[in-house]
Q: 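Can you keep this structure in mind? I'll have questions shortly.
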Number of protein chains: 2
Amino acid sequence: MGGFLVSSKDVAKYAGVSQTTVSRVLNTPELVKPKTVEKVMNAIEELNYIPNDIARSLVQKKTGIITLISGPLHNPFFVDTTTAIVNYVNARGYKVNVYFGTEDNLDSIYNSVLETKADAIILSSMLYKDDLFFKLEKLGIPFIMYNRKHQENRYFVEIDNVEAGYLATNHILSLGHRDVCWIGGPHEISTFYGRYEGFRNALKDSGIEVKNVPSFFTNTSKNDIKRIFEEILMLPTRPTAICAATDAIAIEILNLCLERGFHVPNDFNVIGIDNVELSKHHSIALTTVGLESEKNLGFIAIEKLFEVMEKKSACIQQTESVKLFPRNTTCKK
Amino acid sequence: MGGFLVSSKDVAKYAGVSQTTVSRVLNTPELVKPKTVEKVMNAIEELNYIPNDIARSLVQKKTGIITLISGPLHNPFFVDTTTAIVNYVNARGYKVNVYFGTEDNLDSIYNSVLETKADAIILSSMLYKDDLFFKLEKLGIPFIMYNRKHQENRYFVEIDNVEAGYLATNHILSLGHRDVCWIGGPHEISTFYGRYEGFRNALKDSGIEVKNVPSFFTNTSKNDIKRIFEEILMLPTRPTAICAATDAIAIEILNLCLERGFHVPNDFNVIGIDNVELSKHHSIALTTVGLESEKNLGFIAIEKLFEVMEKKSACIQQTESVKLFPRNTTCKK
DNA sequence: TAACAAAATGGTTACGTATTCATTTCTTTA
DNA sequence: TAAAGAAATGAATACGTAACCATTTTGTTA
C-alpha cells in the first residue's frame, strides 16, 4: 500500500485477462463483454489501480497539459486572467502548468517550457520583437499571446491599446486638466507602446504639444513606480492628473498618493487601463478603460487557443474594442 | 520543421554514436570524451533536438510536477500564497499544476489530481474530516496542507487560528466596542473553527455572553457576504465593529460599507485575519492579525514539502504564531 | 611489449500504456 | 449442421528515455 505501483499488467493478471483488455475496459468498454468489464473493474478496485497518465502521454503524444506563462499576481490584471484561464482549462479536462514571469526568471522559464511536451502554450510574456516567437513556431504546438502582440502579428488577443490610451487621456482632458503626465512601461512591449501612442494622439487632438508633457517609463515594479512618483512631485509644475498605462500602475499610484497624505482626486486625478476586478472595489473606485465585452481577456484567449487546438481556427489575430469606466479617481478640474 | 519529433535515437544516428551516449552527453557529460560530446552537441543543435521529458518521467518515475490545489484568487490570501508557491517550485526546477478549488469543482479536481503522477501535492482545500486525506496517504506521495488542518493532525502548516481570532477580537474590545459581531466560514474547515473559538474566548474573557453576540457564517462568496451584511444592517442593535474571519471577508465588507455610504471606521470598525498584501494598500489599510514571521504561509508550506520530498523531514505539523497589525479600519469607540 | 586498469562506448531492457493485427469465440443464416 | 460473419480477446509492438551490464578502446605500469 502506498508507493507500490500497480500497473494495468497487474490488473490483467489479477483479472485473468490480457493487458489489452484492461486498456479497453478503461477506454472503449463498449467493445468488451459486460461480464469481462465487471471482472476487470473488480480487479481495479481490489488492487487500487490508478492509470499512469505519463505512460499514456508517451504513447498518445498528448499530455493534456497547457502551459501558462503569466505575469506576476501582484499585478491584478494577471489575477483576473490567471483565474479565467486556469478555470477554463481545468473545466476542459486539461491541466495547467503555471509560471509567473519576471525579468529575472524568464529565460529559465522558457528553457523549462520548451522541454515540456505541453499540448499548447498561452503566454503574456512576449516582446514585440522576440526570438521566442520563432522558437515556439518551431516547437510545432499551438500557442497564443494575450495582452501582448509580436511583430509577426499572429496568434494574439489584445485590447485596442491605442484606443484605450486615447480614451483615458481624452477623459482627463475633457475634465479640464491640462497639466497631465504619463506613466508607462517598456516600449518593447506592444501593449505599452500602443497605449502611449493613444496618449500622444489625444494630446495632439487637443492641441497640446507632446514634448511638453512629462512621460515616465517604468519596469512596473513597485520600487520603480515609487521612484517615478517622487520625480513627479519634484516637477516644476505639478500635474493635476496622472495617466497610468495599466490599472496596476494606477493602483500603486493611489497607494503612494495616500501614503504621502494626498487626496485623490482632489490633489491628483488618476486613471488606469485594464478595468481589473480590483479597480471596482469601492475603496479603490479607479476610473479606467477596459474591455467593452463582459468577457475577461484571458478567457477570450484560452477559448481561442482551444479552437486552434481543435483545428477549428488556424490563426488568431484579435483586437477587442474598449470603453471608459468612469469612477471616483477623476473629476472636473 | 515543427511537429516532426526528433528523438535521441535520431541524434545518435546523426552523430554516429549510440543512443546511450546521447543520453550520457545530456546527463553525465563527464563520462564522455570531450570530442564525442562536441559531436553529439552539434547533432543536437543541427537537428533541433529537445529531450522528451514525458519519456524521462516514465523511466525515472519522477515527473518534476507539484500539484497545487489553491482556493480562488478573488481571495487575496490565495494570491499571496499561490505566488509564493509557484515561484518557489519553479525556482527549484519543478513545474506546478495549478487548480483553483471551489465547492463545485473539487470532486473533478480530485479525480484529475489522483491520476496525475505528481511528485508531491500541496493543497488548501481540505476539510477537518475529509476522506481525501486517506486517499492521498494511499497515493504514497508527499503532500502538505496549508491554512487547513485535518483531524489526523499531520502534514499541515497553519497559523495559530485560535490566537488570531482572540487577538483580533480583543483588539476590538480593548477599543471600547461592546456591540460586535462575527462573520466566519464553514466549521468543517479547521481555520474557521479555530478563529471562531478565539473570538468566543475573547468575549468570555471580557465577560461578554457569547450567545448574545451575533455570529454569521458564510460560504465566503461575495453574494453570501452581501446577504449577511444586509442581515447585520437589520439587527436590532447595530454593531459598531465587525470581526471577519479572513481579510477576504473583511475587504468585501469594506466594499459593501462604502457602497452603502457608510464610513469605516466611523460607522463600522472592521478587522480581518491573514494580513494579506492587499490589506496593506493605503486605500484599504485593513487592521488585521497575521503571521509574526515575515514569510508567507504558502512559502513556509512549500519549503517544508520539499524537505519531506528530500526525506529531510518525515511529518510536518506546524502552527505559526501571530500578531496584530493595527491600521485604519479600527479606532476607539 | 605484455598485462592490466581505467576510460569510453554500445547493446539491451524496462517504464506503463494504447494500438495494430491476428486469433479465438460466439451468432446468425442457409 | 456447416459456413460465414460479427464480436471478443490476446500477442506483439511502439512511444523516447535512463539504467544496467557487456564490450571495446585507451592509458599505465612492470
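Residue numbering restarts at 1 for every chain, and letters A, B, ... go by the order of the sequence lines. Predicted model, so just to flag it, every value in this text is computed and none were measured.
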Q: What about B/Y94 and B/F306, are their ring centers closer than 6.0 Å?
A: yes

Q: What integer distance in Å separates A/K9:NZ from C/dC15:C1'?
A: 9 Å

Q: To the nearest angstrom, how far is A/L31 atom CG from C/dT20 atom P?
A: 13 Å

Q: So, OP1 or OP2 of C/dT17: does either fall under 4.0 Å of a side-chain N or O from A/N52?
A: no

Q: Using whole Å, what does the distance between atom C1' of nucleotide C/dT13 and atom NZ of B/K61 come to?
A: 14 Å

Q: Give the rounded distance in Å between these two atoms: CG of A/L58 and C1' of D/dC15.
A: 4 Å

Q: Among C/dG10, C/dT19, C/dA14, find the nucleotide with the atom closest to the side chain of B/V59.
A: C/dA14

Q: Is the shortest side-chain N to carboxylate O distance from B/R56 to A/E115 below 4.0 Å?
A: yes

Q: Where the side chain of B/A55 is defined as all heavy atoms beyond and including C-beta, which of D/dG10, C/dA18, D/dT17 is the nearest nucleotide?
A: D/dT17

Q: Is any side-chain N or O of B/T20 under 3.5 Å from a base N or O of D/dA18, one able to act as donor and the other as acceptor?
A: no

Q: Remember a base hit wins even if backbone is also touched, and classify A/T36 as base, sugar-phosphate or nothing at under 4.0 Å, heavy atoms.
A: sugar-phosphate

Q: Start with the C-alpha distance between A/S125 and A/Y110, add both sets of side-chain angles, then the distance that settles side chain to side chain donor-acceptor pair (under 3.5 Å), and finish with yes or no.
A: CA-CA 10 Å; A/S125 64; A/Y110 293 155; 3.0 Å; yes

Q: Look at all strands and tell whether B/N27 reaches a base, only sugar-phosphate, or nothing, counting heavy atoms closer than 4.0 Å.
A: sugar-phosphate

Q: Do any side-chain nitrogens or oxygens of B/S23 fall under 4.0 Å of OP1 or OP2 in D/dA18?
A: yes

Q: Look at the side chain of B/Q19 and the base of D/dA18, then say whether one donor and one acceptor between them are separated by less than 3.5 Å.
A: yes

Q: Output the rounded distance in Å from NZ (A/K35) to C1' (D/dA7).
A: 16 Å

Q: Apply the test side-chain contact (heavy atoms from CB on, under 4.5 Å) to residues B/M126 and B/F156: give CA-CA distance (whole Å), side-chain angles for both, the deciding distance (0.1 Å), then the verdict.
A: CA-CA 10 Å; B/M126 177 79 77; B/F156 67 90; over 6 Å; no

Q: What nucleic acid atoms does B/T21 come within less than 4.0 Å of, heavy atoms only: base, sugar-phosphate, or nothing?
A: sugar-phosphate

Q: Separation of A/I54 atom CD1 from D/dA18 atom P, in whole Å?
A: 14 Å

Q: Toward the 5' end of DNA chain C, which comes first, B/R24 or A/P51, by nearest nucleotide?
A: B/R24

Q: Using 0.5 Å steps for rounding, measure from the CD1 atom of B/I144 to the NZ atom of B/K304.
A: 8.5 Å

Q: Tell me what A/S7 touches on the nucleic acid: a base, only sugar-phosphate, or nothing, going by heavy atoms under 4.0 Å.
A: sugar-phosphate

Q: Can you tell me the distance, in whole Å, between the CD atom of A/E38 and the P atom of D/dA8?
A: 16 Å

Q: Do the side-chain N or O atoms of B/S8 get closer than 4.0 angstrom to the phosphate oxygens (OP1, OP2) of D/dT17?
A: yes

Q: Using the side-chain heavy atoms of B/V32, tell me which of these nucleotides is nearest: D/dA12, C/dT9, D/dT17.
A: C/dT9

Q: What is the distance from CG of A/L26 to P of C/dA18, rounded to the nearest Å?
A: 7 Å

Q: If you look at every strand shown and take non-hydrogen atoms under 4.0 Å, does A/V22 touch a base, only sugar-phosphate, or nothing?
A: nothing

Q: Choosing from D/dA8, C/dT9, D/dT17, which nucleotide comes nearest the side chain of A/K33?
A: D/dA8

Q: Could you tell me whether B/F134 and B/H150 have their ring centroids closer than 6.0 angstrom?
A: yes

